[in-house]
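Please read the structure below before turning to the comments.
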Amino acid sequence: MHDIRFIRENADAFDAALARRGIAPAAAKILALDKEWRALQAEMQEDQHRRNVLSKEVGKIKSEGGDASAQMAEVAELKTRLETHNNSDLAARLDAELMNYPNMLDAHVPDGEEEADNALLREVGEARLPDFPAKDHVALGEGLGLMDFGLGAKLAGARFVVLRGDLAKLERAIATFMLDTHTQEFGYVEHLPPFLVRGAAMAGTGQLPKFAEDLFQTTDDRWLIPTAEVPLTNLVAGEILDAAELPMRLTAYTPCFRAEAGAAGRDTRGMIRQHQFSKVELVSISHPDQSADELERMTNCAETILQRLELPYRVMHLCAGDTGFSARSTYDIEVWLPGQNDGKGMYREISSCSNCGDFQARRMRARLKTADGNALVHTLNGSGLAVGRTMIALMENGQQADGSIVLPKALHPYMGGGRIEGMAS
RNA sequence: GGAGAGGUGGCAGAGUGGUUGAAUGCGCCGGUCUCGAAAACCGGUAUGGGCAGAAGCCCAUCGAGGGUUCGAAUCCCUCCCUCUCCGCCA
């Protein structure tokens, strides 16, 4: 959500920010609405003031046994006028406008319209192919008898999977390893939030009202979380925090549910894009002055996981056109998947770390106390990491010629072994 | 699911139709006192918004949204949440 006062004072900057995202100028339309609304508001408030004054007079007159019918008649008039003004939808329209436009981008965000325009920041580890034909995780998982898309489809339809044996256990090992690292080394506090939330929470982080079609909704009007960013960030909705409490660093391991409405036909093979996947999420509630540094730190925390898991990756700075609605700046971490692209390998997103600035905080009314009044906090979120895609990466990078999978040392204690051999079926 | 009670400022807690945006206590901030601190005393202390250059004036908000009324924290309706008892239940 945007700050109307910022737009009043920086209409050109606002339009320029929209232009970077390929959106037509909107400041003039918004300011016209704003002007109209303020004029109406001033008029209404004057009437309300008059009404309040008269009502008090009535009270006084009556208590002295006098006749207050003149005052009462005037209030009746005011009320009809207020009624019509009250029916104006100006405020709602203005609000809808302010909610409708994506966040303004950080100055450092590279220009560009699509994925190809993202800027490569660094490559870590050696992206290599095995010295035998690389299989993808589907071939590996099914070959081991530990991954079954047919059963997923039988139970729930397309884009679901059933894991069993060591692959089911691997999910748990990965998640625990990630949580242990983030909580014990990086100071994130583990949470176990609800997986269903109210619409208000979805609006707070920006999923609603614009992106309802990406979400699953329950019959009693709740929503399944598409990421733990939603419950974790909304923990501070409506709160006024002490500066000393910041930064708040929160993490949670949760399932994520996505309708993938716009993704028909994309990534239909395998576990890359499922309706349900789990993720260890990182959220920071930050002082406005520190959010830029916090984004670097958070990205580093996520990268550390990949380093410990000995997975090659690269970090991209998303270009203007590829940056999400609520974000001011986003780093994508892409992991090397040798089994994709017909065995030639490719990088795929495994984490997305974003600084949302005050964009979500304004929607949620999440503030902090400062010397001169309350200020909006900044919110950040990032995957630390997507568990399903981490599993894919471990399988495809750790695959052996015989179809078994060698795991990195970091996971051995969590798996009680270093190799996944499959299950006699 | 059934029956009942309740949601008031950072917290506790008064307030059941008329200057109540809200007593009182605690907390917090500033001051006096003190070598310093504590105690005591004095003063201040909600949020959002409109108008104004500013001082300031005004509007809204007592869980949320409607309604009754000249006037609502107080009355009515709907919803949300909390608590107690019963039922069911991992």
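Every chain is numbered from 1 and lettered A, B, ... according to where its sequence line falls, protein lines coming before strand lines.
- Nucleotides B:C11 and B:G63, compared at atom P, are 13 Å apart to the nearest Å.
- By the 4.0 Å N-to-carboxylate-O rule, A:Arg38 lies close enough to A:Asp34 to be salt-bridged with it.
- In a base pair of the Watson-Crick type (N1 to N3 plus N6-O4 or O6-N4) or a G-U wobble (N1-O2 and O6-N3), with each distance short of 3.5 Å, B:U16 is matched with no nucleotide.
- Under the ring-ring contact (aromatic ring centres under 6.0 Å, His included) criterion, the residue pairs touching residues 11-31 of chain A are A:His2-A:Phe14, with sequence neighbours excluded.
- Residues A:Glu74 and A:Lys79 are not paired through a salt bridge, judged by the lack of any N-O separation under 4.0 Å between the basic side chain and the carboxylate.
- Against RNA chain B, the stretch residues 39-47 of chain A makes heavy-atom approaches under 4.0 Å through A:Gln41, A:Ala42, A:Gln45.
- Regarding A:Arg50, its CZ atom lies at a distance of 22 Å from the P atom of B:C51, rounded to whole Å.
- Between B:C75 and B:G18, the two P atoms lie 12 Å apart (nearest whole Å).
- Across the strands present, B:G56 finds its partner in B:C51; the criterion is a Watson-Crick or G-U wobble pair with both atom distances under 3.5 angstrom.
- Each of A:Val53 and A:Asp34 was matched to the nucleotide of RNA chain B holding its nearest heavy atom; the match closer to the 5' end belongs to A:Asp34.
- With both pairing distances under 3.5 Å, B:C75 is matched to B:G67 as a Watson-Crick or G-U wobble pair.
- Straight-line distance from the CD atom of A:Glu36 to the P atom of B:G50: 16 Å, rounded to whole Å.
- Comparing the P positions of B:C29 and B:U19 gives an interatomic distance of 34 Å, to the nearest angstrom.
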Close N or O pairs between protein and nucleotides 7-12 of chain B (under 3.5 Å):
none

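- Proximity of A:Glu114 to A:Cys319: side-chain heavy atoms (C-beta onward) are nowhere separated by under 4.5 Å.
- Between the P atoms of B:A12 and B:G67, the separation comes to 32 Å (whole Å).
- Shown here, B:G6 forms a base pair with B:C81; the pair counts as Watson-Crick or G-U wobble because both key distances fall under 3.5 Å.
- Nucleotide B:C62 forms no Watson-Crick or G-U wobble pair with any nucleotide shown, as no partner meets the under 3.5 Å limit on both distances.
- In a base pair of the Watson-Crick type (N1 to N3 plus N6-O4 or O6-N4) or a G-U wobble (N1-O2 and O6-N3), with each distance short of 3.5 Å, B:A40 is matched with B:U32.
- With a 4.5 Å cut-off on side-chain heavy atoms, A:Asn234 and A:Val197 do not count as touching.
- In this structure a side-chain-to-backbone donor-acceptor pair under 3.5 Å is missing from A:Asp148 to A:Val162.
- We find that A:Glu294 and A:Arg249 are joined by a salt bridge, their nearest charged nitrogen and carboxylate oxygen being less than 4.0 Å apart.
- Within 4.0 Å (heavy atoms only), A:Arg362 reaches no atom of the nucleic acid at all.
- A salt bridge links A:Asp267 and A:Arg348; the closest N-O separation between the charged side-chain nitrogens and carboxylate oxygens is under 4.0 Å.
- A:Glu64 places its CD atom 14 Å from the P atom of B:U19, with the value rounded to the nearest Å.
- Listed by first and then second residue, the ring-ring contact (aromatic ring centres under 6.0 Å, His included) pairs involving residues 208-227 of chain A are A:Phe211-A:Phe325, A:Phe216-A:His275 (not counting sequence neighbours).
- Partner assigned to B:G1 is B:C86, using Watson-Crick or G-U wobble distances below 3.5 angstrom.
- By the side chain to side chain contact (heavy atoms under 4.5 Å, CB included) test, A:Thr183 is found to be paired with A:Glu190, A:Thr251, residues two or more places apart in sequence or in another chain being considered.
- Taking atom C1' in both B:U74 and B:C57, the straight-line distance is 28 Å, to the nearest Å.
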**Study point:** Nucleotide-resolved protein contact map, nucleotides 63-82 of chain B, B/S/- at heavy-atom distance under 4.0 Å
**Key:** ------BBS--------SS-
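- Position along RNA chain B of the nearest nucleotide to A:Arg365 versus A:Ile4 favours A:Arg365 as the more 5'-ward residue.
- Comment: A:Arg328 does not engage A:Asp106 in a salt bridge, judged by the lack of any side-chain N to carboxylate O separation of less than 4.0 angstrom.
- Residue A:Arg367 is in sugar-phosphate contact alone, with no base atom involved, counting any heavy-atom pair closer than 4.0 Å across all strands shown.
- For the pair A:Arg258 and A:Glu260, the salt-bridge criterion is not met [side-chain N within less than 4.0 Å of a carboxylate O].
- The minimum heavy-atom distance between A:Met44 and A:Leu82, with the atom names listed, is O-CD2, 3.8 Å.
- Taking 4.0 angstrom as the limit, A:Arg5 places a side-chain polar atom (N or O) nearer than this to OP1 or OP2 of B:G49.
- Annotation: B:G49 and B:G13 have their C1' atoms spaced 30 Å apart (nearest Å).
- With a cut-off of 3.5 Å on both pairing distances, the Watson-Crick or G-U wobble partner of B:U45 is B:G27.
- Distance check on atom P: B:G21 versus B:G30 gives 30 Å, rounded to whole Å.
- Distance check on atom P: B:G15 versus B:G4 gives 24 Å, rounded to whole Å.
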